[in-house]
Amino acid sequence: MADSVERMLGEISGKLDSLSSNFDKYIAYHDKRHEKLDVTLAAHEADINQAKGAKTMALVLSAGVAAIAGWATSVFHPFR
């Protein structure tokens, strides 16, 4: 009976060690996968920030053109 209990405890211990090892491998794989995602997200974030800057410049330039056109219209064709 004692051999049976010790053998079963040994089997349980081995299974727990195996489970712990597999879980550690999964965590390492998961972290590596997230590192790849972080790199991809950083690249997308840079592209989005660049697009935001381009949009801002387009708005500033169009506002400038509209202001100049409004000024020119008021100077050369004043309302009476």
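Just so it is clear, the values below take in all heavy atoms, side chains as well, and ignore hydrogens, waters and symmetry mates. Remember, predicted model here, so these are calculated numbers, not experimental data.
- In the hydrophobic clustering (ILVMFWY side chains linked at under 4.5 Å, chained through shared members), Trp71 is joined by Val75, Phe76.
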Without placing hydrogens or testing angles, list every side-chain donor-acceptor pair under 3.5 Å for residues 17-28, not counting sequence neighbours.
none

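- Applying the side-chain hydrogen bond (donor to acceptor under 3.5 Å, both in side chains) criterion to His77, with sequence neighbours excluded, gives no partner residue.
- Ser13 places no side-chain N or O within donor-acceptor distance of the main-chain N or O of Leu9, the cut-off being under 3.5 Å.
- Residues satisfying the side-chain hydrogen bond (donor to acceptor under 3.5 Å, both in side chains) criterion with Glu11, sequence neighbours excluded, are Arg7.
- Leu61 belongs to no hydrophobic cluster, as no Ile, Leu, Val, Met, Phe, Trp or Tyr side chain comes under 4.5 Å of its own.
- The hydrophobic cluster around Leu37 extends to none of the other residues, as no ILVMFWY side-chain heavy atom falls under 4.5 Å of it.
- Rounded to the nearest 0.5 angstrom, Asp38 CG and Glu45 CD are separated by 10.5 Å.
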